[in-house]
Student: 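This is the structure I want to talk about, given as structure tokens.
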Amino acid sequence: MSSTPKQALFCLKWPWDMNRNPQTITSGGCAFEGPWLFKSMQSLGSVAFNFFQSVSKSPYHFKPLQWDARTDQNETLKSKTVLGPEEQGEAEQRAFASALASEKEATMLEFYSPKCRLCNSLLNSVMEVEHRNSDWLNIVMADAENDKWLPELLHYDIRYVPCFVLLDKKGRALAKTGIPNSRLHVLAGLSHLLKMKRPSKRTS
């Protein structure tokens with residue numbers, strides 16, 4: 001009398017097994033033929049599994065938004081758009097041209113580097129200075145590592161960052177801050193430049 005293989009009490013079949021070989025039967029003679037509800041769940045699981053596999057193999061990877069440098073003053077700070085080097089330089093150059101065209105008493109050109117921790121630590125202080133003196137002063141950021149600013153780097157002899165250059169309303173350089181030793185040292189130099197062009201209050 002031939003012995004018949006024992007039948008399994010229940011079968012488990014994972015969604016990803018459907019795409020490999022739907023006709024495969026295990027050594028125990030187990031073939032998954034469950035009710036329609038389980039088949040529907042199995043199909044949904046297979047679709048989800050294939051989707052995540054396709055995403056993981058895709059050459060396109062999602063990157064988190066990054067906080068870019070201060071190119072267009074406060075508006076650019078609020079937007080978290082990532083700009084390429086060329087677009088970054090062009091945006092800063094437009095801000096510089098707009099500042100000179102405003103015919104305010106002075107423009108402060110700040111040369112910085114995205115990699116400079118000291119430069120980044122000055123962000124809030126510089127914004128506050130510009131806000132308090134917005135009636136007569138513009139402050140424009142200039143990435144010293146961007147080739148767009150090479151003519152200005154040579155013209156103003158910029159050899160370190162951060163470096164603030166004070167310009168009059170015609171764009172002529174009046175003075176610049178010295179080699180930065182500390183954050184307080186830079187702020188003191190910035191304050192000295194502001195005193196050079198700050199309009200005196202008129203008394204009636």
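The structure displayed is predicted, hence computed values, not measured ones.
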Student: Applying side-chain hydrogen bond (donor to acceptor under 3.5 Å, both in side chains), can you list everything that pairs with E86, at least two apart in sequence or on another chain?
Tutor: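 Checked E86 against side-chain hydrogen bond (donor to acceptor under 3.5 Å, both in side chains); zero matches.
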Student: I need the Y112 OH to N120 CG distance, nearest 0.5 Å.
Tutor: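 Atom-to-atom, Y112:OH and N120:CG are 9.0 Å apart.
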Student: According to the side chain to side chain donor-acceptor pair (under 3.5 Å) rule, which pairs have a member within residues 181-195, sequence neighbours left out?
Tutor: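 Sorted result for residues 181-195: S125-R183.
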Student: To the nearest 0.5 Å, tell me how far L153 CG sits from E145 CD.
Tutor: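 Between atom CG of L153 and atom CD of E145 there are 10.5 Å.
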Student: Checking side chain to side chain contact (heavy atoms under 4.5 Å, CB included) for the pair V165/I158: CA distance, chi angles, key distance, verdict?
Tutor: CA-CA 9 Å; V165 181; I158 305 301; 3.9 Å; yes
Student: If you compare all heavy atoms of P180 against all heavy atoms of V161, which two are closest, and at what distance to 0.1 Å?
Tutor: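 Where P180 meets V161 most closely, the heavy atoms are CG-O, 3.6 Å.
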Student: Sort and list the pairs that fulfil ring pair (Phe, Tyr, Trp, His ring centres under 6.0 Å) and have at least one residue in residues 90-111, not counting sequence neighbours.
Tutor: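 Found F96-W149.
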Student: Rounded to the nearest 0.5 Å, what separates atom CG in N133 from atom NZ in K104?
Tutor: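 Going from CG on N133 over to NZ on K104, the span is 9.5 Å.
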Student: Taking all non-hydrogen atoms of both residues, which atom of V140 and which atom of E92 are closest, and how far apart?
Tutor: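 What the structure gives for the nearest pair is CG1-O, 3.9 Å.
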Student: If I take atom CE from residue M108 and atom CG from residue L174, how far apart are they, to the nearest 0.5 angstrom?
Tutor: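 Atom-to-atom, M108:CE and L174:CG are 9.5 Å apart.
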Student: Which residue pairs pass the salt bridge (Lys or Arg N to Asp or Glu O under 4.0 Å) test when at least one of the two sits in residues 148-167, sequence neighbours left out?
Tutor: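 For residues 148-167: E90-K148, D157-R159.
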Student: Keeping to residues at least two apart or across chains, list the salt bridge (Lys or Arg N to Asp or Glu O under 4.0 Å) pairs with something in residues 171-181.
Tutor: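 Pairs touching residues 171-181 that pass the test: D168-R172.
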Student: So, for T177 and C163, which heavy atoms are closest and what is the spacing to 0.1 Å?
Tutor: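 Closest heavy-atom pair between T177 and C163: OG1-CA, 3.6 Å.
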Student: What is the distance from atom CG of D143 to atom CD of E110, rounded to the nearest 0.5 Å?
Tutor: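 So the gap between those two atoms works out to 11.0 Å.
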Student: Test of understanding: with side-chain contact (heavy atoms from CB on, under 4.5 Å), list the residues that count as partners of R117, not counting sequence neighbours.
Tutor: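 None.
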Student: Who are the side-chain contact (heavy atoms from CB on, under 4.5 Å) partners of A175, not counting sequence neighbours?
Tutor: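 Listed in chain order: L193, M196.
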Student: Which pair of heavy atoms, one from L100 and one from G171, lies closest together, and at what distance?
Tutor: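 Heavy atoms of L100 and G171 come nearest at CD2-CA, 4.0 Å.
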Student: List in chain and number order the residues that pass side-chain hydrogen bond (donor to acceptor under 3.5 Å, both in side chains) with E128, two or more places apart in sequence or in another chain; answer none if no residue qualifies.
Tutor: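 Partners of E128 under the side-chain hydrogen bond (donor to acceptor under 3.5 Å, both in side chains) test: R132.
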Student: Name all residues meeting the side-chain contact (heavy atoms from CB on, under 4.5 Å) criterion together with A106; count only those two or more places apart in sequence or in a different chain, and write none if there are none.
Tutor: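 So A106 forms a side-chain contact (heavy atoms from CB on, under 4.5 Å) with W136, L137, L166, K197.
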Student: How would you list all residue pairs meeting ring pair (Phe, Tyr, Trp, His ring centres under 6.0 Å) that involve residues 152-179, not counting sequence neighbours?
Tutor: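 Listed by first then second residue: nothing to list.
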Student: Would one find more than 12 heavy atoms of other residues, nucleotides or ligands at under 6.0 Å from atom CG of L154?
Tutor: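 For L154, atom CG is crowded (more than 12 foreign heavy atoms under 6.0 Å).
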Student: List the residues meeting side-chain hydrogen bond (donor to acceptor under 3.5 Å, both in side chains) with T107, not counting sequence neighbours, and say none if there are none.
Tutor: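 Per chain and number, T107 pairs via side-chain hydrogen bond (donor to acceptor under 3.5 Å, both in side chains) with no residue.
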Student: Can you list everything that forms a side-chain hydrogen bond (donor to acceptor under 3.5 Å, both in side chains) with S121? Sequence neighbours excluded, please.
Tutor: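 side-chain hydrogen bond (donor to acceptor under 3.5 Å, both in side chains) check on S121 returns nothing, list empty.
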Student: Look up atom OG in S134 and atom CD in E130, then write down how far apart they are to the nearest 0.5 Å.
Tutor: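 So the gap between those two atoms works out to 7.5 Å.
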